[in-house]
K.L.:
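Let me begin by handing over the structure; questions about it come next.
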Amino acid sequence: MRPHLLLFLFVSFITLSSGNLLVSSQTTKPQPQPQTHLLKAADNETIYRVSKQLCWGCIAESFQFLFYHNLVRAAKWELPLMWDFQLEKYARWWAGQRKADCKLQHSFPEDGFKLGENIYWGSGSSWTPKDAVSAWSGEEKYYTYETNSCEAGQMCGHYTQIVWKSTRRIGCARVVCDDGDVFMTCNYDPVGNYEGQRPY
């Protein structure tokens with residue numbers, strides 16, 4: 001394996017790990033409660049409600065989103081992105097909004113973007129974060145660096161957002177919609193794709 005790929009894999013792992021450490025270091029220590037009462041055993045309804053809120057595959061999905069984004073960035077010698085849990089929370093909210101209809105729709109009104117955002121829809125439930133990033137980064141073939149433009153009739157803004165030089169943070173989410181299809185969304189900060197500027 002090439003040395004720069006090994007370095008990239010190491011940096012990706014450290015980036016994800018440091019994001020987790022950062023969040024845990026910001027949490028406040030809970031105050032001890034007086035032991036004047038015994039904890040009530042959780043009933044089935046409470047267990048069901050809490051388990052529905054857990055996302056069992058989220059860590060693996062987060063790592064996939066981050067890893068494949070940074071792999072694309074490494075090809076252009078751009079700094080790796082860091083996982084941001086606030087961006088992930090926003091992406092999860094929007095994916096939740098799209099769960100009922102799986103509509104390929106951005107969370108921002110047209111021209112009202114405060115965050116970068118890539119969205120993906122796939123028919124069937126087997127689509128993964130790797131598939132979404134591959135589809136977005138596949139637009140590279142339509143982008144011409146010299147003219148800083150896309151081929152006529154094609155899109156390349158998803159790709160340029162992934163490799164945008166000043167973007168530092170990412171948060172993504174994947175949801176299986178009620179109809180069995182998949183909706184994925186990633187948010188980026190700072191936002192990229194400024195008109196007249198090159199991505200790298």
Side-chain angles (χ1 to χ4, degrees), residues 12-13 15-20 22-24 26-27 46-73 80-140 155-164 166-193:
S12 292
F13 177 76
T15 302
L16 188 60
S17 299
S18 66
N20 289 334
L22 179 64
V23 169
S24 62
Q26 292 176 345
T27 56
T46 303
I47 293 169
Y48 174 73
R49 192 176 70 249
V50 170
S51 67
K52 272 184 70 176
Q53 296 173 1
L54 297 174
C55 182
W56 300 106
C58 290
I59 294 172
E61 287 178 358
S62 300
F63 183 77
Q64 281 186 52
F65 277 120
L66 183 64
F67 176 80
Y68 289 108
H69 272 81
N70 284 337
L71 202 58
V72 176
R73 290 176 67 85
L81 299 174
M82 292 185 65
W83 192 258
D84 186 288
F85 291 95
Q86 287 301 108
L87 292 176
E88 177 189 6
K89 183 177 178 182
Y90 181 85
R92 290 208 177 286
W93 166 78
W94 185 242
Q97 298 298 305
R98 298 278 58 87
K99 189 177 186 310
D101 59 14
C102 227
K103 187 176 179 183
L104 197 60
Q105 177 181 335
H106 282 287
S107 66
F108 295 94
E110 193 66 31
D111 299 324
F113 285 85
K114 292 180 174 48
L115 298 170
E117 186 172 76
N118 283 346
I119 55 175
Y120 176 91
W121 168 86
S123 177
S125 62
S126 62
W127 300 97
T128 66
K130 179 183 179 182
D131 296 318
V133 179
S134 293
W136 297 330
S137 63
E139 295 176 358
E140 180 182 9
M155 289 194 306
C156 60
H158 301 99
Y159 165 69
T160 53
Q161 174 58 84
I162 290 175
V163 296
W164 198 262
S166 61
T167 299
R168 293 290 176 263
R169 293 169 294 282
I170 184 177
C172 306
R174 174 187 180 274
V175 68
V176 177
C177 301
D178 295 344
D179 62 4
D181 293 342
V182 168
F183 179 87
M184 288 183 262
T185 178
C186 286
N187 290 103
Y188 307 84
D189 183 60
V191 65
N193 288 337

K.L.:
CZ of R169 to CD of E88: how many Å apart, nearest 0.5 Å?
P.N.:
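Here the rounded value is 15.0 Å.
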K.L.:
Could you grab the distance from atom CD1 of I170 to atom CD1 of I162, nearest 0.5 Å is fine?
P.N.:
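Reported value, rounded in 0.5 Å steps: 7.5 Å.
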K.L.:
What is the distance from atom CH2 of W121 to atom SG of C177, rounded to the nearest 0.5 Å?
P.N.:
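Spacing of CH2 (W121) from SG (C177) equals 9.5 Å.
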K.L.:
Step by step, work out the side chain to side chain donor-acceptor pair (under 3.5 Å) result for S134 and D131.
P.N.:
CA-CA 5 Å; S134 293; D131 296 318; 5.7 Å; no
K.L.:
Roughly how far apart are E117 CD and H158 NE2, rounded to 0.5 Å?
P.N.:
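Spacing of CD (E117) from NE2 (H158) equals 9.5 Å.
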K.L.:
What pairs with R73 under side chain to side chain donor-acceptor pair (under 3.5 Å), at least two apart in sequence or on another chain?
P.N.:
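In terms of side chain to side chain donor-acceptor pair (under 3.5 Å), with neighbours along the sequence ignored, R73 is linked to no residue.
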K.L.:
Please report the shortest heavy-atom distance between G116 and Q161, naming the atom on each side.
P.N.:
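What the structure gives for the nearest pair is CA-OE1, 3.4 Å.
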K.L.:
Between atom CG of L81 and atom OH of Y188, what is the distance when rounded to the nearest 0.5 Å?
P.N.:
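Reported value, rounded in 0.5 Å steps: 8.0 Å.
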K.L.:
Can you classify the ring geometry of F67 versus F63 as parallel (below 30°), tilted (30 to 60°) or perpendicular (above 60°)?
P.N.:
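F67 and F63: parallel rings.
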K.L.:
Partners of D84 by side chain to side chain donor-acceptor pair (under 3.5 Å), sequence neighbours excluded?
P.N.:
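In terms of side chain to side chain donor-acceptor pair (under 3.5 Å), with neighbours along the sequence ignored, D84 is linked to no residue.
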K.L.:
Please report the shortest heavy-atom distance between P129 and Q64, naming the atom on each side.
P.N.:
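For P129 and Q64, the tightest heavy-atom pair comes out as CD-OE1, 3.5 Å.
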K.L.:
Name all residues meeting the side chain to side chain contact (heavy atoms under 4.5 Å, CB included) criterion together with V182; count only those two or more places apart in sequence or in a different chain, and write none if there are none.
P.N.:
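With neighbours one apart ignored, the set is W127, R174, V176, M184.
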K.L.:
Which heavy-atom pair separates F65 from C186 by the least distance, and what is that distance?
P.N.:
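Closest approach of F65 to C186, heavy atoms only: CD2-SG, 3.6 Å.
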K.L.:
Would you say T167's side chain and P190's backbone share a donor-acceptor pair under 3.5 angstrom?
P.N.:
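Checked: pair present.
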K.L.:
Using every non-hydrogen atom in the two residues, find where Y159 and S137 come nearest and quote the distance to one decimal.
P.N.:
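For Y159 and S137, the tightest heavy-atom pair comes out as CD1-O, 3.7 Å.
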K.L.:
Within the 4.5 Å heavy-atom criterion, are K99 and D178 side-chain neighbours or not?
P.N.:
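Yes, at least one pair of side-chain atoms sits under 4.5 Å.
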K.L.:
To the nearest 0.5 Å, tell me how far F108 CZ sits from N187 CG.
P.N.:
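Reported to 0.5 Å precision, the distance equals 6.0 Å.
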K.L.:
Show the nearest heavy-atom pair for residues I119 and L104, with the distance to one decimal.
P.N.:
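In terms of heavy atoms, the two residues are closest at CD1-C, 3.7 Å.
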K.L.:
Which pair of non-hydrogen atoms, one from D101 and one from D179, has the smallest distance, and what is that distance?
P.N.:
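Heavy atoms of D101 and D179 come nearest at O-OD2, 4.5 Å.
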K.L.:
With W136, which residues qualify under side chain to side chain donor-acceptor pair (under 3.5 Å), at least two apart?
P.N.:
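None.
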K.L.:
Sequence neighbours left out, what passes side chain to side chain donor-acceptor pair (under 3.5 Å) with N193? Give chain and number order.
P.N.:
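Side chain to side chain donor-acceptor pair (under 3.5 Å) check on N193 returns T160.
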K.L.:
Can you name the residues that form a side chain to side chain contact (heavy atoms under 4.5 Å, CB included) with A95, not counting sequence neighbours?
P.N.:
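Result, side chain to side chain contact (heavy atoms under 4.5 Å, CB included) vs A95: A173, V175, F183, T185.
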